[in-house]
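This structure is a prediction, so every number in the text was calculated from the model and none was measured.
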Amino acid sequence: VEQGDDEVVRALIFAIGGSLVSRSIQEDIEKKHAEAKNPEGFRRLGDLKMLRQEIGTLTDQTAQWLRRLGEDSPNSSAEVSKSIAA
């Protein structure tokens, strides 16, 4: 990959009878290839993955906060159901 020989890389990954490299090495090769062919796209992909992780964390924290808020008010679930139905 570092030498830019795509044919050799593909031959190792897609060899008849199975790949000649482990899955972790394949993933590393794919990352290096993507970074070499499109560095800006690769950087943006990394940014998007980080953003997705941050949004997931925010979603989890918000859900926990809402559950705790609901625990403080015994009628809150009934109130929420009424507001949704309206």
Side-chain angles (χ1 to χ4, degrees):
V1 173
E2 293 163 359
Q3 296 175 353
D5 196 345
D6 293 341
E7 290 182 35
V8 172
V9 171
R10 291 182 59 77
L12 291 172
I13 293 175
F14 301 111
I16 295 175
S19 178
L20 299 175
V21 295
S22 69
R23 185 66 197 145
S24 63
I25 292 174
Q26 285 181 25
E27 290 171 1
D28 187 45
I29 289 170
E30 289 169 0
K31 286 178 188 175
K32 287 180 181 179
H33 180 74
E35 188 174 15
K37 295 295 180 182
N38 188 352
E40 177 63 20
F42 186 77
R43 184 192 61 76
R44 293 179 82 188
L45 178 62
D47 291 346
L48 287 172
K49 286 180 179 181
M50 185 171 55
L51 181 61
R52 184 177 67 179
Q53 183 179 7
E54 294 295 327
I55 290 172
T57 300
L58 180 61
T59 302
D60 292 342
Q61 290 174 347
T62 303
Q64 289 174 4
W65 176 75
L66 289 171
R67 280 193 290 275
R68 288 186 192 126
L69 185 64
E71 291 171 0
D72 292 341
S73 175
N75 296 326
S76 64
S77 61
E79 292 171 15
V80 169
S81 296
K82 287 179 187 176
S83 67
I84 291 173

For Thr62, all residues meeting side-chain contact (heavy atoms from CB on, under 4.5 Å), sequence neighbours excluded:
Leu58, Leu66
Quick one: side-chain contact (heavy atoms from CB on, under 4.5 Å) partners of Glu35, sequence neighbours excluded?
Phe42
Which residue pairs pass the salt bridge (Lys or Arg N to Asp or Glu O under 4.0 Å) test with at least one member in residues 12-27, sequence neighbours excluded?
Arg23-Glu27, Arg23-Glu30
Please, which pairs that meet side-chain hydrogen bond (donor to acceptor under 3.5 Å, both in side chains) have at least one residue in residues 42-61, sequence neighbours excluded?
Glu40-Arg43, Arg43-Asp47
Taking ILVMFWY side chains as joined if any heavy atoms are under 4.5 angstrom apart, and letting links pass through other members, which residues group with Leu51?
Ile55
